[in-house]
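Encoded as structure tokens, the structure appears first; notes follow it.
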Amino acid sequence: MKKTNNKSQDRSGLKPLQDGVFFPVAMPDSELPTWYAGFLSSIKTEISASRRRVMISANTQMMMMYYHIGKQILEYQASEGWGAKIIDRLSADIKKAYPELKGFSPRNLKYMRKFAETWQDEAIVQRSVALCIKI
């Protein structure tokens, strides 16, 4: 394909020259082959299903992370005692290490601790989280 600096020259399937580069233009709907609609539908279904699986996996991992954090808080509070202010210190340090993250306030860390305190068997938590996510 021969390059040209003539901005007005029509190039089939390409937008006009901008800063020395031609950009492709999609075919109009009227020129698409008959099989394309089914093909596009199949691709869109695959994208939607994959996105849904990613969200389910991310939510499962997040719930298990909350459980593990809560469990560790319980363990350290048992060994260090309530006066150690583990939750307040942990919240401040997480905020300092990950300023863009939300959800690690002292209140939320207490919820994580309560979650681990209520469900002490990790196997039950994993099954329960998996069941909730599938609903």
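These numbers were taken from a predicted model, which means no experiment stands behind them. Numbers here simply count residues along the sequence, with the first being 1.
Not counting sequence neighbours, the partners of Glu117 by the salt bridge (charged side-chain N to carboxylate O under 4.0 Å, His left out) test are Lys114. Judged as a salt bridge (charged side-chain N to carboxylate O under 4.0 Å, His left out), and not counting sequence neighbours, Asp88 has no contacts.
In this structure, Met64 is a member of the same hydrophobic cluster as Met62, with clusters built from ILVMFWY side-chain heavy atoms closer than 4.5 Å. Clustering ILVMFWY residues whenever any of their side-chain heavy atoms sit less than 4.5 angstrom apart, transitively, puts Met112 in a cluster other than the one holding Ile86. Note: the hydrophobic cluster containing Tyr111 does not contain Ile94 (ILVMFWY, side chain heavy atoms under 4.5 Å, direct or indirect links). Transitive grouping of hydrophobic side chains (ILVMFWY, heavy atoms separated by less than 4.5 Å) brings Tyr67 and Ile87 into a common cluster. Ile43 and Val54 are not part of a single hydrophobic cluster, where members link through side-chain heavy atoms under 4.5 Å apart.
By the 30° and 60° cut-offs, the orientation of the rings of Phe39 relative to Tyr36 is tilted.
With hydrogens and angles disregarded, no donor-acceptor distance shorter than 3.5 Å links the side chain of Ser41 to the backbone of Ala37.
Checked by atom type, the side-chain pair Arg51/Ser48 shows no donor-acceptor distance below 3.5 Å.
Taking NZ of Lys71 as the reference point, atom CD of Gln120 lies at 8.5 Å (rounded to 0.5 Å).
Here the side chains of Leu109 and Arg113 are not in contact, with every heavy-atom distance at 4.5 Å or above.
Nearest heavy atoms, Phe115 versus Met63: CE2-O, 3.6 Å.
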